Chemist: 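Let me begin by handing over the structure; questions about it come next.
Since the structure is predicted, the reported quantities are computational estimates derived from the model, not experimental observations.
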Amino acid sequence: MSGKKAVLEIKGLRTQFFLREGVVTALDGIDLTIYENESVGIVGETGCGKSMTAYSILRLVPHPGRITAGSIRYKGIELTTLDQDRMRSVRGTKISMIFQDASTALDPVFTVGDQLGEVISLHQRVYDKKALQKKVIEALMLVRIAAPEKVITMYPHELSGGMKQRVMIALALSCSPSMLIADEPTTALDVTIQGQILKLLKALVAKTGSSMMLITHNLGIVAETCDRICVMYAGRIVEDAETFELFERPSHPYTVGLLSAFPKLGVKQAELPVIRGTVPNLMKPFKGCSFVDRCDKAMEVCAHKRPPRVEVSPGHFVSCHLWSGGERPGGT
Amino acid sequence: MADLVAYILRKVILAIPVVLLATLIVFLMLFMTGDPINVLSPPHASVEQLDALREKYGLNEPVYVQYGLFLWQLLHGDLGVSVGFFTRDLEVGDLIADRLPRTLELMAIGLTISYSIGIPLGIFSALRHNSLGDRSVMVFTLLAYAMPSFWLGILFMWLFAVELSWLPIEGTTGGFASIILPAMTLGIGNAALTTRMMRSSMLEVIRQDYITQLRSRGLPEREIIYKHAVKNAILPVITVIGLDIGWFVAGSVVVETVFSWPGIGRLITDSISNADFPVVRGCILVLALFVIAGNLVADILYAYVDPRVRLG
Ligand SMILES: Nc1ncnc2c1ncn2[C@@H]1O[C@H](COP(=O)(O)OP(=O)(O)O)[C@@H](O)[C@H]1O
Ligand SMILES: [Mg+2]
């Protein structure tokens, strides 16, 4: 890992929502580094903070939420304190995002051509109508949309779900960002289309040489698409390892639970299995490990002390007291 | 665009039965007081005059023939003759044609005032949600909306014409200055309604995914708000333009009376006090057609802005 250049370095990121009823800690100290040309998967149950991680990176956390601690560096530039104008120039051209639900992510009253053209003309400074249209059509061809000349005159409601997601990908990639965040890009689609979209994403990322952060709650998808996987639980990253390593030697009890119902690498459509208990209330700050109530291996210390992030083997990080000593318990 | 043309055609065709229904209702008003000749003739008319009028309106024929005749005359712009004391035997059509432009200009300026205040103020309020400015706007809209228009009209008269002497108090002799007070009185209630609607619609729209999506592409905030958010947020406002016009028609009767504005509304109140049924009937028909046309325009405008409605 050390030879690679980091595109994005997140340290101790905390994002909180200030509600009338109290403070919700959606992200509670996230550490995550994404290197050049790398695809990193973020997995975890709904509500564990995957989307908020993405929104925090782009500084688009919705009101009443905001980043309250930590640092996010893009190629060395600190994003959390960047002024609005410079932040805007990061969005789209440096870091771009594909949204969870393509059906609501396009403006319903503008044509596909208008919406793509707007972004391309802004970032690539193409103002000539003809030249812009050519670029728009190219962008649509890149995401393998048939008859792009026709599609540019269409409105979002005239497109199928898969087509909309392709348009979203075209939008996200139209400014050749060096970092693409895809937030559950296929959750809203049916299975056959899911496969196509993922293949397309993978191919495009490989072609453009950008890094990708792929958010999903589907282990099959990350297993197939990503070089590395981060497992999130209740606003924290509990385990971070290369894909093969994670499936071979899952080390956090939560990861072990997730994988137990997952037969083997390469099998599609394994949704996250059910683990005993429920996700903790994020409004109550926890002193110790957030997984303690559901963990079969919980010890005395787990309820009181936050587990440190330990590198159990090169590039394999776990936050669990079982590993606090540094070596594998039970000798594997 | 082909779908838009098809949509407009469909709407125009659908408006035809509504127009017919309006003419039928207006026609049936004739029978509300027993023998129609009573309301269609001037008081103390001679027997010969009555016979001539019966002949003209076909009152001896079966009702459906009478209705047919009514429509036929309507198509030729013939709405009968006035039976009022001052306007006796004048063509109703001419009387209305005389007044209609006045009402149209009053409504046009009233509508302009109401949208040019309501839409920007709604946007302003939404963008400063819960600020002092937003709260003041909300209080203003509440007051403006709750106030009856005759009361508001008198208030304006007192303030701008009597106390400040900025504007003429009534009538039309002051040129453009004359229209300002009546148009403001007519428009302000609707401006308040439009403000509230635009505000809540804006608040709804700026929370949408596609707005966040636009931000994530680095578009300038002013483009996101004024191009994308406003175009989406204005849709509910457009859908009620038809209703607004109905409100304006009703309001114009009051406002024209308060300000002695010589439009259709004033003509109606005058004709009612003169028991001039043919003129009242003609005015009501014209206003009904006006409301129908307004709704048609609103529908078309809506389809123009929102491509999704062209389907249905
Ligand atoms: N608008 C909001 N108001 C309050 N809390 C929120 C809001 N949005 C998200 N959260 C909190 O952030 C947590 C993480 O949300 P999110 O990142 O969307 O989860 P997911 O992993 O499903 O994408 C949620 O469990 C919730 O507690
Ligand atoms: Mg999510």
Chemist: If you draw a 6.0 Å radius around OH in B:Tyr145, do more than 12 non-hydrogen atoms from other residues or ligands fall strictly inside?
Modeler: no

Chemist: Around atom OH of B:Tyr304, are there more than 12 heavy atoms from other residues, nucleotides or ligands closer than 6.0 Å?
Modeler: no

Chemist: Are side-chain N/O atoms of A:Gln115 and B:His228 paired as donor and acceptor at under 3.5 Å?
Modeler: no

Chemist: Would you check if the side chain of A:His123 reaches a backbone N or O of B:Arg217 as a donor-acceptor pair within less than 3.5 Å?
Modeler: yes

Chemist: Pick one of side chain, backbone, both or neither for A:Thr104, based on which atoms fall under 4.5 Å of a heavy atom in chain B.
Modeler: both

Chemist: Can A:Met168 and B:Gln213 be said to form a side-chain contact (heavy atoms from CB on, under 4.5 Å), step by step?
Modeler: CA-CA 9 Å; A:Met168 291 302 300; B:Gln213 189 269 130; 3.6 Å; yes

Chemist: Near B:Tyr226 OH, under 6.0 Å, is it more than 12 heavy atoms from other residues, nucleotides or ligands?
Modeler: no

Chemist: Given heavy-atom pairs under 4.5 angstrom as the criterion, report whether the side chain, backbone, both or neither of B:Ile211 touches chain A.
Modeler: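 Nothing of B:Ile211, per the 4.5 Å heavy-atom cut-off to chain A.
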
Chemist: Less than 4.5 Å to any heavy atom of chain A: does that hold for the side chain of B:Val305, its backbone, both, or neither?
Modeler: backbone

Chemist: Working to the nearest 0.5 Å, report the span between NZ of B:Lys231 and CZ of A:Phe110.
Modeler: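 Rounded to the nearest 0.5 Å, the NZ-CZ separation comes out at 4.5 Å.
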
Chemist: Between atom OG of B:Ser216 and atom CG of A:Asp183, what is the distance when rounded to the nearest 0.5 Å?
Modeler: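 Answer rounded to 0.5 Å: 11.0 Å.
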
Chemist: Is it the case that atom CD in A:Gln133 sees more than 12 heavy atoms from other parts of the structure closer than 6.0 Å?
Modeler: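 It does not: A:Gln133 CD has 12 such atoms or fewer within range.
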
Chemist: State which residues pass side-chain hydrogen bond (donor to acceptor under 3.5 Å, both in side chains) with A:Ser103; sequence neighbours excluded, sorted by chain then number.
Modeler: A:Asp101

Chemist: Hey, what do you get for CG (B:Asp306) to NE2 (A:His157), rounding to the nearest 0.5 Å?
Modeler: 8.0 Å

Chemist: Any idea which of A:Gly92, A:Ser96, A:Pro156, A:Pro62 has the most non-hydrogen atom pairs under 4.5 angstrom with chain B?
Modeler: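 The answer is A:Gly92.
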
Chemist: To the closest 0.5 Å, what do you measure between CG (B:Asp3) and OH (A:Tyr155)?
Modeler: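 The distance works out to 8.0 Å.
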
Chemist: Once rounded to the nearest 0.5 Å, what's the spacing between atom CG of A:Leu106 and atom OH of B:Tyr210?
Modeler: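 These two atoms lie 11.0 Å from each other.
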
Chemist: Please check if the number of heavy atoms outside B:Lys227 that lie under 6.0 Å from its NZ is greater than 12.
Modeler: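 Correct, the count exceeds 12.
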
Chemist: Show your reasoning for whether side-chain contact (heavy atoms from CB on, under 4.5 Å) applies to B:Leu214 and A:Glu118.
Modeler: CA-CA 10 Å; B:Leu214 291 167; A:Glu118 185 176 38; 4.1 Å; yes

Chemist: For residues B:Asp209 and A:Gln100, determine if any side-chain heavy atom of one lies less than 4.5 Å from a side-chain heavy atom of the other.
Modeler: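 The answer is no, as the side chains (C-beta and beyond) never meet within the 4.5 Å cut-off.
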
Chemist: Can you name the nearest heavy-atom pair linking B:Thr212 to A:Leu60, along with the distance?
Modeler: O-CD1, 4.0 Å

Chemist: Nearest heavy-atom pair of B:Glu221 and A:Arg88: which atoms, and what distance?
Modeler: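 Reported closest heavy-atom pair: N-NH1, 4.2 Å.
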
Chemist: Indicate the atoms forming the closest heavy-atom contact of B:Pro307 with A:Pro108, along with that distance.
Modeler: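 Heavy atoms of B:Pro307 and A:Pro108 come nearest at CG-O, 3.7 Å.
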
Chemist: Shorter than 4.5 Å, heavy atoms on both sides: which option in A:Asp85, A:Leu171, A:Thr111, A:Thr153 has the most such pairs with chain B?
Modeler: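 That would be A:Leu171.
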
